[in-house]
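All remarks here apply to the structure that follows.
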Amino acid sequence: MLRIDNLKAYYPLAQRLFAPKRFVRAVDGVSLRLGERETLGLVGESGCGKTTLGRAILGLAPVTEGSIHFQGQDLSGRNGNALHQLRRKIQMIFQDPYSSLDPLMTIEQILGEPLDIHRLYSSREERLEKIHSLMESVGLDSSQARRYPHEFSGGQRQRVGIARALALSPRLIICDEPVSALDVSIQAQIINLLLDIQQREKISYLFISHDLALVQHTCHRVAVMYLGRIVEEGLVEEVRSQPLHPYTQALWNAVPTLEKERLSEALPLAGEVPSPLNPPPGCHFHPRCTHATEECRRSYPSRREISATHSVACHLHTSSK
Ligand code: SF4
């Protein structure tokens with residue numbers, strides 16, 4: 001479904017005359033795979049590059065290097081109508097249901113817009129029928145189609161956002177922290193709705209979140225991202241029962257669990273994510289890692305396959321050890 005190879009997304013900074021060019025390395029050599037009907041969780045702290053990665057897949061962030069293949073076709077090698085048609089199959093659900101909907105448009109207008117752009121109806125009646133069907137598919141009352149976003153609750157607005165993402169019958173939806181702006185009581189409803197939709201429509205999800213506990217209940221596999229790079233990847237069960245990277249261990253340590261004692265040796269995460277403008281040399285995690293050695297400060301660890309499905313980038317797990 002989706003294949004990302006060595007993807008880099010750098011943002012150039014405004015520079016002074018004769019000063020060397022500087023870049024924010026938001027995504028720095030990411031390779032990932034996502035299968036049909038699969039949910040891949042992409043986790044990490046704020047500022048680690050996960051949203052930029054999602055936006056790069058959609059063509060909303062610069063691709064400096066590397067490639068993105070979707071259903072076997074290179075997104076970067078296409079343009080014009082071919083790209084337009086391909087991108088139709090990839091949609092996004094945004095974090096904030098309050099700001100992602102135009103307050104001046106009714107729900108009918110919001111859901112009708114993608115149908116209009118892609119001319120997906122042959123009559124006004126069919127257009128309205130599709131809009132009503134989209135609303136009902138996400139548990140909204142279609143008789144409220146003429147209402148405005150402010151007349152709905154946060155959870156209902158996120159349902160509108162999901163309906164808008166479904167309007168073009170996508171095969172992949174990028175869910176960017178889809179419940180983090182909602183009340184805890186509503187979060188489970190939205191997650192269950194997303195899971196139901198996946199069963200019904202056979203969609204794949206790239207599920208971006210800072211919350212490992214949520215990913216544990218939602219995803220098949222998880223990729224842990226730190227400062228623009230993937231540091232550990234595997235089946236959720238593998239990464240939960242045997243987290244190998246000290247950063248993954250620290251993230252799990254922050255999750256309330258009955259098994260907390262098992263990871264008690266892993267220290268809580270201290271300090272902030274360093275700036276992607278000036279990442280630390282060697283392993284980017286070394287200033288926060290209690291296991292850091294001279295080698296960690298000198299060289300970035302390559303990713304090692306621990307099993308067919310589990311890999312990690314950490315000198316503690318290089319092949320000789
Ligand atoms: Fe810690 Fe070294 Fe592993 Fe980086 S490579 S996570 S600094 S032990």
Side-chain angles (χ1 to χ4, degrees), residues 4-10 23-32 40-53 66 208-213 215-216 219 221-255 257 259-321:
I4 298 172
D5 289 300
N6 194 30
L7 190 78
K8 297 182 180 176
Y10 294 176
F23 295 90
V24 175
R25 296 160 184 250
V27 177
D28 199 13
V30 165
S31 298
L32 284 175
L40 172 66
L42 189 60
V43 293
E45 291 163 286
S46 172
C48 72
K50 50 195 194 307
T51 293
T52 302
L53 179 57
I208 296 172
S209 178
H210 66 281
D211 185 348
L212 254 182
V215 163
Q216 177 184 354
C219 302
R221 287 191 302 117
V222 58
V224 180
M225 199 165 177
Y226 188 78
L227 216 60
R229 299 188 182 187
I230 303 298
V231 296
E232 185 161 4
E233 185 184 353
L235 299 172
V236 166
E237 184 46 37
E238 280 173 326
V239 176
R240 190 189 73 82
S241 61
Q242 195 194 4
L244 297 175
H245 197 282
Y247 180 58
T248 316
Q249 293 173 358
L251 288 180
W252 275 123
N253 229 19
V255 175
T257 164
E259 298 172 78
K260 182 67 79 187
E261 281 176 24
R262 187 174 49 78
L263 292 176
S264 58
E265 287 168 22
L267 289 181
L269 207 46
E272 301 289 320
V273 181
S275 165
L277 181 61
N278 191 19
C283 171
H284 295 341
F285 188 60
H286 86 251
R288 303 170 82 188
C289 181
T290 50
H291 303 284
T293 63
E294 208 35 60
E295 185 184 19
C296 301
R297 292 180 192 96
R298 212 177 38 240
S299 69
Y300 193 89
S302 53
R303 214 155 124 185
R304 186 197 162 203
E305 310 285 329
I306 303 298
S307 71
T309 49
H310 193 179
S311 64
V312 64
C314 171
H315 288 305
L316 291 178
H317 303 282
T318 52
S319 51
S320 57
K321 291 173 186 171

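Note that the structure is a prediction, hence the values are computed from the model and not measured. We count ligands from 1, going down the list as the structure has it; atoms in each ligand are counted the same way. In what follows, every heavy atom counts, from backbone to side chain, and hydrogens, waters and symmetry copies are set aside.
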Problem - Face-on cation placement of Arg229 at Tyr300 ring, 6.0 Å and 45° thresholds - result: yes
Problem - Evaluation steps, salt bridge (charged side-chain N to carboxylate O under 4.0 Å, His left out), between Glu295 and Arg298 - result: CA-CA 5 Å; Glu295 185 184 19; Arg298 212 177 38 240; 5.3 Å; no
Handout entry: atom 3 (Fe) of ligand 1 contact by His245, N, O or S atom under 2.8 Å
Key = no
Exercise for the section: Tell me which protein heavy atom sits closest to atom 5 (S) of ligand 1, plus the residue, atom name and distance to 0.1 Å. Expected result: His315 N, 3.2 Å
Practice task
Applying side chain to side chain contact (heavy atoms under 4.5 Å, CB included), run through His291 and Cys296 and close with a yes or a no.
Solution key: CA-CA 9 Å; His291 303 284; Cys296 301; over 6 Å; no
Problem - atom 3 (Fe) of ligand 1: the protein heavy-atom neighbour that sits closest, reported with distance to 0.1 Å - result: Cys314 SG, 2.3 Å
Practice task
Say whether, by atom type as modelled, one donor and one acceptor occur between the side chain of His317 and the main chain of Leu244 under 3.5 angstrom.
Solution key: yes
Fill in the blank from the handout: In this structure, CG of Leu227 is separated from CZ of Arg25 (nearest 0.5 Å) by 10.5 Å
Problem - Side chains of His245 and Val224 in contact at under 4.5 Å (non-hydrogen atoms) - result: no
Fill in the blank from the handout: Quick note on ligand 1: atoms under 4.0 Å from a heavy atom of Cys296 include exactly 2 (Fe), 5 (S), 7 (S), 8 (S)
Problem - Numbered atoms and elements of ligand 1 in range of Leu316, under 4.0 angstrom, heavy atoms - result: 8 (S)
Handout entry: Heteroatom test (N, O or S) for Cys283 near atom 4 (Fe) of ligand 1, limit 2.8 Å
Key = yes
Exercise for the section: Could you list the atoms of ligand 1 found under 4.0 angstrom from a heavy atom of Cys289? Expected result: 1 (Fe), 6 (S), 7 (S), 8 (S)
